Protein chains: 2
Amino acid sequence: MGLRERKKAETRAALSWAAVRLTVERGLDNVKVEDIADAVGVSPRTFNNYFSSKAEAIVFRHLDRCMGVAEALRERSAEPLWDAITHAVLTRFGPDAQSAAHPVADAAQWTAGVRVMVAEPALRGEMLRAGAIAEAEIAAAVAERTGGDLDHDLYPHLVASAVMAAVNTAIAHHLRTDPPVPVDRLLTDALAHIAAGLSTP
Amino acid sequence: MGLRERKKAETRAALSWAAVRLTVERGLDNVKVEDIADAVGVSPRTFNNYFSSKAEAIVFRHLDRCMGVAEALRERSAEPLWDAITHAVLTRFGPDAQSAAHPVADAAQWTAGVRVMVAEPALRGEMLRAGAIAEAEIAAAVAERTGGDLDHDLYPHLVASAVMAAVNTAIAHHLRTDPPVPVDRLLTDALAHIAAGLSTP
DNA sequence: CGCAAAGATGCGGGGCGCGCATGTTTCTTG
DNA sequence: CAAGAAACATGCGCGCCCCGCATCTTTGCG
């Protein structure tokens with residue numbers, strides 16, 4: 001990767017992070033595109049060269065992690081399918097992967113802000129869309145394993161969307177509970193239920 | 001329901017239908033809010049009294065059907081859970097439920113337009129959000145049956161999101177295939193797989 | 001009938017997303 | 001290494017969208 005692409009990736013990540021931070025701190029509609037651009041030191045016009053909307057910028061990190069699941073899945077072609085899926089999800093959504101990058105001062109206040117943020121209607125839609133985009137990749141990765149055909153078989157798509165459903169549900173439950181239930185346990189449980197069948201509670 | 005509420009529901013339905021029809025015919029960004037309002041005979045400002053965005057208007061019918069699944073589920077408390085779920089989904093997303101209301105002249109051209117419409121990024125997010133809203137209702141309906149607790153149990157939420165995942169996947173596959181596979185068969189298959197477990201393709 | 005509540009409309013403003021033209025930095029090639 | 005090509009950053013301006021507010025009209029009720 002040349003200098004060009006690296007700088008671009010850095011700017012994109014910086015914009016996304018600034019968008020998230022400001023939104024968590026002030027709330028979505030108290031953050032203007034201009035604010036995000038200023039925080040990174042770029043022109044407002046440039047912001048829209050990287051992201052086609054505020055929501056897309058905020059959700060970028062989530063999209064990245066979802067795509068990472070597909071990537072991790074391809075790297076684990078030796079294990080049985082659902083072991084690989086569980087492991088892939090945990091590496092990207094596990095507790096350590098979350099706060100690795102940017103530490104925050106007041107953890108409680110941060111979580112409260114995150115709760116407000118993910119409740120925002122516009123962002124919910126965008127988050128789900130990010131999951132749907134990654135779903136296509138995951139379905140492709142599953143099809144590679146099982147030898148299925150993406151155009152004719154339902155199974156790969158069904159697995160992908162069920163996995164994302166489990167992830168979304170686990171995260172939602174994690175954010176809903178207070179004190180929070182460990183997210184890795186929720187993810188493992190949810191995926192196990194999906195794999196084994198939901199007919200038996 | 002008084003005259004007032006009926007008229008309001010009619011206007012809302014008319015706005016939503018006009019939004020869908022125009023979008024299918026011309027494409028999303030060739031339809032202005034003014035066009036939709038004009039088609040119904042209402043002021044543009046009034047449009048935004050009913051829907052807070054163009055996307056929300058277009059997706060309204062989808063939201064309605066998704067909520068209907070929860071409703072149908074509550075009415076079938078006698079059957080086993082997954083029989084009731086399958087039946088509830090089929091009554092709302094089955095082939096007859098689709099074209100019942102507004103007949104269309106050129107079916108092929110219509111389907112082509114629908115394919116373009118559902119590919120629209122902004123609408124995909126809004127559609128998924130509608131499913132997520134209904135998910136809460138479905139989870140509540142499931143919890144009523146199984147005696148689960150929405151705040152502490154993962155199971156009702158997991159069932160709800162897995163059901164919506166199955167529905168979305170089935171519809172997506174229905175729109176992807178040409179000639180189209182019957183949607184009721186896809187729905188039944190997808191739900192059966194979810195209920196029985198995905199570990200065994 | 002007459003009044004209170006709810007809805008419809010007009011107006012205006014703050015943003016937002018993007019096309020276009022222009023200047024600037026990075027990559028490639030002779 | 002110089003110079004052109006390609007990619008990127010920025011400024012400007014437009015059209016549209018969504019909403020708050022004030023006003024007018026319709027509906028429901030006693």
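Below, chain A is the first sequence line, B the second, and so on; all start at residue 1. A quick note: this is a predicted structure, and the numbers were derived from the prediction, not measured.
- The two atoms that bring A/V33 and A/N48 nearest to each other are CG1-OD1, 4.2 Å, heavy atoms only.
- Closest to the A/V42 side chain, of the nucleotides D/dT10, C/dG17, C/dA8, is D/dT10.
- Smallest separation of non-hydrogen atoms from B/L191 and B/T86: CD1-CA, 3.8 Å.
- The nearest whole Å value for the distance from the CG atom in B/D35 to the P atom in D/dC16 is 9 Å.
- Atoms CD (B/E5) and P (C/dA6) sit 11 Å apart, rounded to a whole Å.
- One interatomic measurement links the two molecules: CZ of A/F47 to P of C/dC18, which rounds to 11 Å at whole-angstrom precision.
- Backbone-only contact: B/K32 has heavy atoms under 4.0 Å from sugar-phosphate atoms and none from a base.
- Heavy-atom minimum distance, B/M164 versus B/C66: CE-SG, 3.7 Å.
- Between the CG atom of A/N30 and the C1' atom of C/dC16 there is a distance of 16 Å, rounded to whole Å.
- Under 3.5 Å, the side chain of A/R45 and the base of C/dG17 form no donor-acceptor pair of N or O atoms.
- With rounding to whole Å, B/E34 atom CD is found 11 Å from C/dG10 atom P.
- Heavy atoms of other residues, nucleotides or ligands lying less than 6.0 angstrom from CZ of A/R185 number 12 at most.
- A close approach under 4.0 Å does occur between a side-chain nitrogen or oxygen of A/K8 and OP1 or OP2 of D/dC8.
- In this structure, A/K7 atom NZ and C/dC27 atom C1' are separated by 15 Å, rounded to whole Å.
- Judged by distance alone, the side chain of A/H193 and the main-chain N or O of A/D189 form a donor-acceptor pair under 3.5 Å.
- With rounding to whole Å, A/I36 atom CD1 is found 12 Å from C/dC16 atom C1'.
- For DNA chain C, the residues of residues 49-56 of chain B within the heavy-atom distance limit of 4.0 Å (strictly under) are B/N49, B/Y50, sorted by number.
- Contact between B/M67 and B/A134 at its shortest, heavy atoms only, is SD-CA, 3.7 Å.
- As rounded to whole Å, 12 Å separates atom P of C/dA8 from atom CD of B/E10.
- Under a 4.0 Å N-O distance rule, the pair B/R129/B/E126 qualifies as a salt bridge.
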